Amino acid sequence: MTTQQPDWHAYLAQMETVLGVTLDATRRAELQLQFSRIAAMAAPLMALPLDDRLEIAGVYKA
């Protein structure tokens, strides 16, 4: 199973626009590096198959 690496450059450009923030090249590069690291750490968890019978979110009743 292969996973496609997200386009962090495009993501950061969109977030700069949405949040009204301007990042310099150094900060943008550091954020891209950190997002790549976070994605690498999360990959094994995201690849874990879940049983179809498991609830994906808690159900709270009053």
Side-chain angles (χ1 to χ4, degrees):
M1 178 173 145
T2 60
T3 58
Q4 182 179 350
Q5 182 72 335
D7 183 356
W8 296 120
H9 178 75
Y11 175 78
L12 287 171
Q14 291 171 357
M15 289 300 103
E16 283 183 76
T17 301
V18 169
L19 298 172
V21 180
T22 303
L23 299 173
D24 61 27
T26 303
R27 287 180 187 258
R28 192 175 296 109
E30 184 62 29
L31 279 171
Q32 288 179 11
L33 176 63
Q34 295 302 330
F35 282 137
S36 295
R37 288 177 177 165
I38 292 166
M41 287 188 286
L45 180 61
M46 297 302 292
L48 182 69
L50 296 177
D51 187 340
D52 289 336
R53 296 174 293 179
L54 291 176
E55 299 259 350
I56 59 171
V59 177
Y60 300 96
K61 297 178 182 181

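A quick note: this is a predicted structure, and the numbers were derived from the prediction, not measured. Start at 1 with the first residue, then count along the sequence.
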Q: Identify, with sequence neighbours excluded, every residue that meets side-chain contact (heavy atoms from CB on, under 4.5 Å) alongside Val21.
A: Leu19, Leu23
Q: I'd like to know if Trp8 and Val18 are part of one continuous hydrophobic network [Ile/Leu/Val/Met/Phe/Trp/Tyr, side-chain heavy atoms within less than 4.5 Å].
A: yes
Q: If you look only at pairs with a residue in residues 9-29, which of them pass as a salt bridge (Lys or Arg N to Asp or Glu O under 4.0 Å), with sequence neighbours excluded?
A: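 For residues 9-29: Glu16-Arg28.
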Q: Side-chain donor-acceptor contacts of residues 35-44 below 3.5 Å, not counting sequence neighbours, with atom names and distances?
A:
unit_1	atom_1	unit_2	atom_2	d
Ser36	OG	Gln32	O	3.0

